[in-house]
Amino acid sequence: MLYDPLKSRGIPAFHEFGTASYWAAVTPFPDTNAIALPSSAEVVVIGAGYTGLNAAIEVAQAQQREVVLIDAGGVGAGASSRNAGFLLPGTGRLGYRDYAKKFGEQIAQGVQNEFAASIEHVKNAAADSSWPCELIPARYLRLGHSEKAASVLREQQPAYGNTLLTAEWLSPEQQQAELPGLPWKYGGLSLTPAAAVNPRALTAAYLSLAQQAGVKIVTGHPVTAWRSNHGKHQLTAGGREIQCHQVLLCSNGYLPQQPFPDISKRQFPVLSSIVVSRPLNAAEQQYCGLTVNDLVMDTRTLKYYYRLLPDGRILFGGRGAVAGKNADNKVHRHRLEQALAATFPQLKDLYVDYFWSGWISVALDAMPRIFSPALGVFTSAGYCGAGVAFASLAGKRLAQLSFGERMPALPFYQSPLPRYPLAPARRVGLRALYTWHRWRG
Ligand SMILES: Cc1cc2nc3c(=O)[nH]c(=O)nc-3n(C[C@H](O)[C@H](O)[C@H](O)COP(=O)(O)OP(=O)(O)OC[C@H]3O[C@@H](n4cnc5c(N)ncnc54)[C@H](O)[C@@H]3O)c2cc1C
């Protein structure tokens, strides 16, 4: 059974993360060198994923302030070690046209450039770290699942010309030539820069940078209470107390309903699940056409995403269960197995060796936010399942915000995450959405 942020009574120490992932099985991880909880610190960062690690590195290294990083589980216990490893120049939900419609052309360009900058940020960090994270340059292929969806993508292509992104139209003929294994061929957009990474190794790379920067790391300590008095904060973690001047909350979709109920109502924890197939042989790989430099996502509302892993397996992901208690149910594994088989119909006996799930944080308007919900408290969330690149930069920005640095004039930094109007009914809506799509087929 998986820890459930909306149902479990608080986040347990070394909480249950569901079935072990492929990444956990194949990736060596450095010793965390965790310490006992100190009684005070200048800054406390809650959550040791990409956001928290990057925030802590910035606080310790650039700002030279004392920082304690606390996680309920181990380092990278949340989504950061369980994702698909797509470094994307966007969220996968909104494209240039959506931003331009909402904020105007100039802001839309700024938003896309900030996403491009987040990839650069990850690449630089990976180069600075001595820990290898298997980062491979790639193209992000958004493939239309219907003729209509592909034509919408095609219309968007010229607009990217004013940004740091390169968007190329992949015609149905090109798609047929390059990815012959896929049964639908409507074409799509190829976006760069993008990269493929081993997400757990990336966590390890950030951990090694955090250790070098002198970040103090405390694991197995759920933060269960927060009290604030005239800008001073007292946190209870693992039954002990720590005082600090600032709190940087980096808990993503794993945030329990307490001790920050207001922030919990501003995001929606949703499960995403992944299966990893047996390794394909050389002939099968050639037949599919998929290479390790392709990161594919379709345009469905409930989209599927897939990539070829360096050892020849296919990683294939999509939506998971609604509630944590059902995350490991074989129904959800079976649904992904069926979708994988339908995507590569010529590959026979494409059995699956791994299946796991993790929580993503969904913002009401699909825009992540970095903001200060209370005096001396700063948070970043709402990545909508696309935070490998952006969460890493967001962690750095969060630390900069806490230090009073000016943020870029972009919507990520100018308002809090909007509150869900009927927060307790979030799952009712999600169930209805899933049922509707199952019914439509
Ligand atoms: C299956 C799956 C596939 C994905 N694939 C991709 C992808 O290919 N590309 C992409 O860009 N994004 C992807 N994502 C999303 C991406 O992984 C996340 O956006 C990113 O990892 C967020 O990092 P984070 O540091 O904010 O959060 P997390 O890594 O989730 O870390 C949050 C941490 O906070 C801790 N925590 C929470 N509450 C407390 C508390 N009260 N006390 C102490 N600790 C606490 C948790 O234990 C956890 O370790 C995927 C996510 C999932 C689940």
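Just follow the structure's listing: the first ligand is 1, and inside any ligand the first atom is 1. What's counted below: heavy atoms across the whole structure, side chains too, no hydrogens, waters or symmetry copies.
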Atom indices of ligand 1, in the order listed, that fall short of 4.0 Å to a heavy atom of R82:
1 (C), 2 (C)
Considering L202, L69, N83 one by one, which has a heavy atom nearer to atom 50 (C) of ligand 1 than any of the others?
N83
Please classify the F390 to ligand 1 contact at 4.0 Å (heavy-atom distances, strictly less than): side chain, backbone, both or neither.
neither
Considering distance alone, does some N or O of W359 sit under 3.5 Å from an N or O of ligand 1?
no
I need the N252 CG to S380 OG distance, nearest 0.5 Å.
8.5 Å
Using a 4.0 Å heavy-atom threshold (strictly under), name the region of P256 that reaches ligand 1: side chain, backbone, both or neither.
side chain
Give the atom numbers and elements of ligand 1 that come within less than 4.0 Å of a heavy atom of H221.
43 (C)
pair R139-E168: side-chain heavy atoms closer than 4.5 Å:
no
Does the residue F260 have a heavy-atom contact with ligand 1, meaning some pair of atoms that are separated by less than 4.0 Å?
no
Ligand 1 N/O within reach of G74 N/O, cut-off under 3.5 Å
no
Check: A84 N/O within less than 3.5 Å of ligand 1 N/O:
yes
Do L280 and L350 come within less than 4.5 Å of each other through their side chains, counting heavy atoms only?
yes
Tell me the nearest of P12, G385, G47 to atom 34 (O) of ligand 1, using heavy-atom distances.
G47
Tell me whether F86 has any N or O atom under 3.5 angstrom from an N or O of ligand 1.
yes
Option with minimal heavy-atom separation from atom 11 (O) of ligand 1, where the choices are L398, V388, V75, V270
V388
Quick note on ligand 1: atoms under 4.0 Å from a heavy atom of A72 include exactly 43 (C), 44 (N)
Please indicate whether K123 has more than 12 foreign heavy atoms, meaning atoms of other residues, nucleotides or ligands, lying under 6.0 Å from its NZ.
yes
From A79, G395, C384 - option closest to atom 18 (C) of ligand 1 by heavy atom:
A79
Any nitrogen or oxygen of L255, side chain or backbone, less than 3.5 Å from one on ligand 1?
no
Region of T51 engaging ligand 1 - heavy atom pairs below 4.0 Å
both
With respect to Y383, determine whether any N or O atom, backbone or side chain, lies less than 3.5 Å from an N or O atom of ligand 1.
no
Close approach of P222 to ligand 1, heavy atoms, under 4.0 angstrom
yes
For the 3.5 Å polar cut-off, considering only N or O atoms, please tell me whether N252 and ligand 1 meet it.
yes
Mark up the atoms of ligand 1 that fall under 4.0 Å of a heavy atom belonging to I360, in ascending order.
51 (C), 52 (C), 53 (C)
Answer yes or no for R369 and F412: cation-pi contact, defined as NZ/CZ to six-membered ring centre under 6.0 Å and angle to ring axis within 45°.
no
For the pair W356 (side chain) and V275 (backbone), establish whether a donor and an acceptor sit closer than 3.5 Å, ignoring hydrogens and angles.
no
Mind checking whether I46 contacts ligand 1 via backbone (N, CA, C, O), side chain (CB onward), both or neither, at a 4.0 Å heavy-atom cut-off?
side chain
Would you kindly check if the NZ (Lys) or CZ (Arg) of R300 is within the cone defined by 45 degrees around the ring axis of W184 and under 6.0 Å from the six-membered ring centre?
yes
Can a donor-acceptor pair be found between the side chains of Y383 and T51 at a distance below 3.5 Å?
yes
Donor-acceptor pair, side chain of D298 and main chain of Y304, under 3.5 angstrom
yes
Under a 4.0 angstrom heavy-atom cut-off, which atoms of ligand 1 come close to Y254?
30 (O), 37 (C), 38 (N), 46 (C)
Answer side chain, backbone, both or neither: which part of I274 comes under 4.0 Å from ligand 1, heavy atoms only.
side chain
Under 3.5 Å: N/O of S80 near N/O of ligand 1:
yes
F390 and F115: CA distance, side-chain angles, deciding distance, ring pair (Phe, Tyr, Trp, His ring centres under 6.0 Å) verdict:
CA-CA 6 Å; F390 193 70; F115 282 128; 5.2 Å; yes
Classify the angle between the aromatic ring planes of Y254 and Y3 as parallel (below 30°), tilted (30 to 60°) or perpendicular (above 60°).
parallel
Over 60° means perpendicular and under 30° means parallel, so classify the ring planes of Y420 and F268, tilted if in between.
perpendicular
Are any of the N/O atoms in S272 less than 3.5 Å from those in ligand 1?
no
Can any side-chain N or O of D4 pair as donor or acceptor with the backbone N or O of G324 at less than 3.5 Å?
yes
Nearest 0.5 angstrom please: I46 CD1 to L255 CG, how far?
8.5 Å
For G85, the atoms of ligand 1 under 4.0 Å from one of its heavy atoms are 8 (O)
Determine, for F403 and R65, whether the Lys NZ or Arg CZ falls below 6.0 Å from the six-membered ring centre while staying within 45 degrees of the axis.
no
